[in-house]
Amino acid sequence: MSENVVHLHKPTDPPTPDAAPTVLTVVPDAPPARPVPLWVRSGRAVKTAATHETTRATVRAVARHGLYTFNGGRIVARRTWDGRTGARYERMIRAAEAAGNLEAAEEWEERLQRFRAARHHRRMDLLHSPVEAAKGVAVGAGMSIGVLVALGVVMALNAGHVGDVITPLSATVDFIALLIRIVQVVWGPALTIGPFLALLALWSVGRKQHAAPAWALPANVRSGEGEPITPSIVVKALRDLGVPALARAIKEMGDAGASMLGPIRIAGCGVEVDVTLPSGVSTNEVQNKRRKLAENLTRHEHEVFITIPTAARTVRLWVADSGALDEPIGPSPLVTDESLTADYAKGRAPWGQDLRGDAAALSLYQRHLLITGLSNQGKTAALRALALWLALDRAVEFRIADLKGAGDWAMYDGLATVLIQGPTDDHVIEATEMLEGGVSEMERRLTAPPGTVFPPLILLVDEAQVAFMCPVKDEDSRPYGGSKATSRYFMAARKIHNQGRAVNVLLWQGTQDPTDQNLPKLVREGAHTRASLALGTESQARMALGDKAVDGGAAPNLLRPGLDKGTVVVASDGIAIPAGQASLTVRTHYIDTDTATEIAERAKRLRDGVTTLHVIERGKERDPLADIAAVLGTASRVLTADVLKRLSALDEDAYGRWTPGDLKRVLEDAGAEPYKSDGRMVVARDRVARALAHRDGSGSASADG
């Protein structure tokens, strides 16, 4: 029994009358620790040594260099066998047959026959070579002896000594004896060192070919970062893809599996190659293995794109240089070229670069536009870049509803005739009425005389999912949001999609995270140009781009959220897409808000001044002359047709059906009648201002009287 230990706890301060008494605590001794058995300590030591990084590195080094030598011997043996037999030709024949190229198979068969004929000729020559060699040796020896004897005779005559006749012969014999002695001395060490030199040669061959498992290779070789794409690497990547029919076909082809490949071409920041698949392998089997193929090519998944060209049983692989897609592209031409202008009908918006590094330009002529993606992936910036370019065409009118209201479109104040900014239900109501005003303008244009040319009208709704999800109903119980025939926003969008492009009334929409609820099927399929940034699932990719584009290789769901900001997958006939592909991946130029404001100011200088309406007033009694003065803005004079458009945007109910005659009547009654300038009817701002001031002054005088 161990003794108990008594602890006496004493207060540090002097005791007080009310202080607690001193406490005595009896604590028994702790039991002694049990010793760890020797076998346990030994096991732990062995485990630590076995798992130590130095041990692992040593094991990898031993395995690596041993396999270098072994596999180097296999490589040399195969090369020797190929050089001595027709095995190489037979593999090429099988490869050509597997690829369905009968002409190449026949050509290789002819080469094989020529090789066999030449080999037979060499073997027949070997039957006669011993006799011919003996005759040659005898003749050569006799001639050599004769020459040596003649040389000895000359030496004897010159020196006067008969013994000099055999001097050349004896010197030759001594030289041969010296060579024999040298061989006798060197032969033993050579026999000892020779095998080691042979093993070293085999090791060198295996090392150059990296003939060892990936786990045993050095870290810089295992990573493969920056490894160039060669035919053998592509063939190995396809062989190890996990498609049994493809692996069997390549195995039968042997080293000739590269016959499946077209030329490897440099394409922008990567390379491109067409792969003709063997019979029995479908293109979608390769498409569905994109990640594994990328890893087999020592690339990340986002650095490999698989598309389907026009040729049958062919996939087109684009493989980026390692890390190239993480590098930013250059600035937009809108930023670098201040003299740049736009042409709605014939021009193309400089949007960015494709994966090949070529400029990607998009035609916006008579094409409805839909761009979607997850939040904070650059959707608004990509959409705004197109709108900024088009704003440099002074004939284009914009009516914009930004249902996020974060100021991303604030630079269009003074550039767009309507600018709605905000996420509330009231803003959705205004955006809906903006679209309905566009429908009325479209219907007016459709009923105009044939041959009438209409300036483009862009109805742009950013964050359109807010409108589709709005639960508010009007006084007739018709919902503003939703996807039914009673939905006002949905029906306005559908009407514009159906007939708007014919009269240059176009709808552009940007939306997040597409679903059937926030982006109805009929609306998304009405867009001629469909683009998508990073998405979460393949089903969302199909909603954004359509089944044809996704089946053809489009995969915005494989873009990396946050890392591939601004990268869009586009399905449109307005952009140059390689033949056989259904989509194009574009890395868009990023234009920040400050720079966008500068570009918008350039666009404003191209115009005479635009009055921007921020709120659509509903149910208010209108003052036509005051409204005309308001829509004229700061321009000295405005075309009557533009005044009518601005009035219609101000209040569709009041002015949507106005004709030039109605405008002329109001102005003539006020004494500010329109007049011709350069052959076109215009309204003068000064005349309207004087008429308005005279009317207000007359009203005040009458009231005072």
Side-chain angles (χ1 to χ4, degrees), residues 46-92 94-95 115 119 122 182-242 244 246-261 264 292-299 322:
V46 171
K47 180 179 180 181
T48 301
T51 57
H52 196 274
E53 183 58 32
T54 302
T55 305
R56 293 181 177 181
T58 303
V59 171
R60 283 198 297 267
V62 172
R64 178 169 66 250
H65 294 293
L67 290 171
Y68 278 168
T69 305
F70 176 76
N71 290 327
R74 293 179 56 189
I75 293 171
V76 171
R78 182 159 189 170
R79 290 175 180 175
T80 304
W81 177 259
D82 287 345
R84 303 291 296 176
T85 66
R88 178 185 295 108
Y89 300 95
E90 292 174 356
R91 286 198 302 272
M92 298 299 288
R94 290 196 299 270
F115 169 80
R119 184 179 60 184
R122 289 193 301 272
I182 292 174
V183 170
Q184 289 176 341
V185 172
V186 173
W187 184 252
L191 289 178
T192 303
I193 299 174
F196 293 100
L197 295 177
L199 291 175
L200 180 62
L202 298 179
W203 174 86
S204 178
V205 172
R207 178 175 175 274
K208 289 181 180 179
Q209 297 293 325
H210 301 304
W215 60 266
L217 295 175
N220 60 338
V221 177
R222 286 199 306 271
S223 65
E225 295 295 335
E227 186 178 7
I229 300 300
T230 62
S232 61
I233 289 176
V234 177
V235 171
K236 290 178 181 177
L238 293 169
R239 181 193 64 196
D240 299 335
L241 202 55
L246 181 60
R248 286 195 300 270
I250 295 176
K251 186 176 181 180
E252 292 178 359
M253 298 177 191
D255 291 341
S259 61
M260 297 189 304
L261 310 182
I264 297 179
K292 190 169 186 178
L293 178 62
E295 293 172 351
N296 290 348
L297 292 169
T298 64
R299 295 295 189 272
S322 292

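Just so you know, these numbers use all the heavy atoms, side chains as well, and skip hydrogens, waters and symmetry mates. By convention here, the first residue in the shown sequence is residue 1.
Of all the heavy atoms in Pro195 and Ala190, the pair that sits closest is CD-O, 4.4 Å. Across Asn296 and Ala237, no two heavy atoms sit closer than the pair ND2-O, 3.1 Å. When every heavy atom of Ala247 is checked against every heavy atom of Arg239, the shortest pair comes out as CB-O, 3.6 Å.
Annotation: Arg119, atom CZ; neighbour count of heavy atoms from other residues, nucleotides and ligands within 6.0 Å is above 12. Within a 6.0 Å sphere centred on CZ of Phe115, other residues, nucleotides and ligands contribute more than 12 heavy atoms.
By the side-chain contact (heavy atoms from CB on, under 4.5 Å) test, Thr230 pairs with Ser232, Ile233, sequence neighbours left out.
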Could you go step by step and tell me if Leu238 and Met260 meet the side chain to side chain contact (heavy atoms under 4.5 Å, CB included) rule?
-> CA-CA 10 Å; Leu238 293 169; Met260 297 189 304; 3.9 Å; yes

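Remark: the backbone N or O of Val76 is paired with a side-chain donor or acceptor of Thr80 at under 3.5 angstrom.
The distance from atom CD1 of Ile75 to atom CZ of Phe70, rounded to the nearest 0.5 Å, is 11.0 Å.
Ile229 has its side chain within reach of Arg299: a pair of non-hydrogen atoms, C-beta onward, lies under 4.5 Å apart.
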